[in-house]
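Chain A is the first sequence line, chain B the second, and so forth, proteins listed ahead of strands; every chain is numbered from 1.
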There are 2 protein chains.
Amino acid sequence: MRSPKPLIASFHLSEPGAPEPPIHRAASLAEEVYEAIFARLMALKIAPGSRITVDNLVRELAVSQTPIREALGRLEGEGLVVKTHLVGYSAAPQITRRRFEELYELRLLLEPEAAHRAAQVMTEAALAELTEAAGVMHRSGGADERGRYSRFARQDAVFHDKIVAVAGNELIRETLAHQHTHFHIFRLMFHARVTEEALDEHEAILAAFAARDADAARRVMRTHIERSYARLLPAFDS
Amino acid sequence: MRSPKPLIASFHLSEPGAPEPPIHRAASLAEEVYEAIFARLMALKIAPGSRITVDNLVRELAVSQTPIREALGRLEGEGLVVKTHLVGYSAAPQITRRRFEELYELRLLLEPEAAHRAAQVMTEAALAELTEAAGVMHRSGGADERGRYSRFARQDAVFHDKIVAVAGNELIRETLAHQHTHFHIFRLMFHARVTEEALDEHEAILAAFAARDADAARRVMRTHIERSYARLLPAFDS
DNA sequence: CTACAATAAATCGTATAGGATATCGTATTG
DNA sequence: CAATACGATATCCTATACGATTTATTGTAG
């Protein structure tokens, strides 16, 4: 990474002759740094467990240490990086098998109920959005393998998120979304090319919503998560 | 608060004549600052929604700005403080009624199942610990009202936490513990003196565990949470 | 007496410098 | 040849100074 392109070209010059409204830069530098590091984590540009030196970030992002430390602290609070005293920051380690099982146990407790509730309050507009999010349209978009999986990962995330959003409990939604960031990194390590089956199951969920069948929605969501678990479990046999 | 007692008396003197092993200070300053602010939040010394100026913390804790910013960032990542650009940090606002309902919905989905599972794997030692945590012994310790409630709040927290710990899912445990910090602040705002009923319900849960009756444990835990919800809900009618 | 504007204070955001510690490489000795 | 000790480098941790922005206060005009 030899691209020292600064986030903001020149920060401290505010010429009175140039009345540029600084409205477009409402976010603080620390926030931009946060997003930059978050993106690198999600794209696996920073491997799980590897060190994160603030000095490198200073050079790469062209900002001083303070906002970087602040952003790193926030990421630590969210569990994405860990800090060892007098050693430094590092990306959170890869998810363990035990943690993986716990995550699916949690999902199994929350998401089927969310689907049940969502089916009861599903509107026509929400259903259309959900169908759009499921991406059943451009299913056979013949891109390369990696690109296809990348798109599926994004679709899968928003699909499940939207269901929980329709169900209405924002707290549960945040909880699952937060866990999903960890899960995403794990899943990216293996190019699990099991998208076809998952897409079928997504359609089954949609069908239950379309029929406003709450019990079926809960049941098929449970099956979907259980199968997802089974599909991903072999990844630990490496 | 005019007590500028420093966290660490003198940080930068390491006399070669005094071979004090610096092992006891394994935690970084930022971590100590984190705990200090966390404690103030929990004790309501910083009211929800009120401003938190780093300058005050610099004076009160006798440390520089950098570790304070780092700790504040971490607290932000955990949702306990919020940051507004060019305005500063402030304690997270009081929980809304909607959020309160969502929290109990989440607890209702997780804790009864945890109790069900816990009853199946309950050991004699764990049951003893749980009974100790429930504090049925010194129930009528005739302290003042506030002191009694403070003790109940702590007991209630560890009681529920231990049950989930026995159940074995560490992720669910962390999720609930995290939410409990928010909940604790809310509950502290009202000196809900409904401890007697809750203690009765705790004993009912214990009885189910003692009988290793998993279905009863789930049922009575559900009842406990539902009643807790009903007890606290009037707080929003202020 | 109220509303608006300008000034002053407070606070955040940023940058830079220096001290302390862990890690890694190298040399020396058993 | 292996193991240990020493030293250099890299990095974190802390402290301080300065600039930019927001907010509060005060004075003046209507």
To the side chain of [X], which of [options] is closest?
| X | options | answer |
| --- | --- | --- |
| A/D55 | C/dC12, C/dA15, D/dC12 | D/dC12 |
| B/P67 | D/dC12, C/dC12, D/dT14 | D/dT14 |
| B/V87 | D/dT11, D/dT22, D/dT14 | D/dT22 |

Residue list, side chain to side chain donor-acceptor pair (under 3.5 Å) with B/S90, at least two apart or on another chain: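 Expected list: none.
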
With sequence neighbours excluded, residues passing side chain to side chain donor-acceptor pair (under 3.5 Å) with A/T53: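 Per chain and number, A/T53 pairs via side chain to side chain donor-acceptor pair (under 3.5 Å) with A/N56.
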
Short side-chain to backbone donor-acceptor contact, B/S50 and B/I46, under 3.5 Å: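 Absent.
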
For [X], which contact category applies under a 4.0 Å heavy-atom criterion: base, sugar-phosphate, or nothing?
| X | answer |
| --- | --- |
| B/T66 | base |
| B/S64 | base |
| A/I68 | nothing |

B/E70/B/R74 ion pair, N-O < 4.0 Å: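 No.
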
salt_bridge(A/R173, B/E102) N-O dist < 4.0 Å: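 Between B/E102 and A/R173 there is no salt bridge, as every charged N stays at least 4.0 Å from the carboxylate O atoms.
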
Cation-pi, B/Y104 ring and B/R107 (6.0 angstrom, 45 degrees):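 Yes, B/R107 sits over the ring of B/Y104.
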
Earlier contact from the 5' end, DNA chain D, for B/Q65 and A/Y89: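 Here A/Y89 is the residue nearer the 5' end.
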
d(CD, B/E32; P, D/dC13) in whole Å: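 In whole Å, D/dC13 P and B/E32 CD are 13 Å from each other.
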
Whole angstrom value for the distance that separates C1' of D/dC12 from CD1 of A/I52: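 After rounding, the gap between these two atoms is 14 Å.
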
Residue mapping more 5' on DNA chain C - nearest nucleotide basis, A/R51 or B/K83: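 This one resolves to B/K83.
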
Sub-4.0 Å heavy-atom contacts from residues 69-80 of chain B onto DNA chain D, ordered by number: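 DNA chain D contact set from residues 69-80 of chain B: none.
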
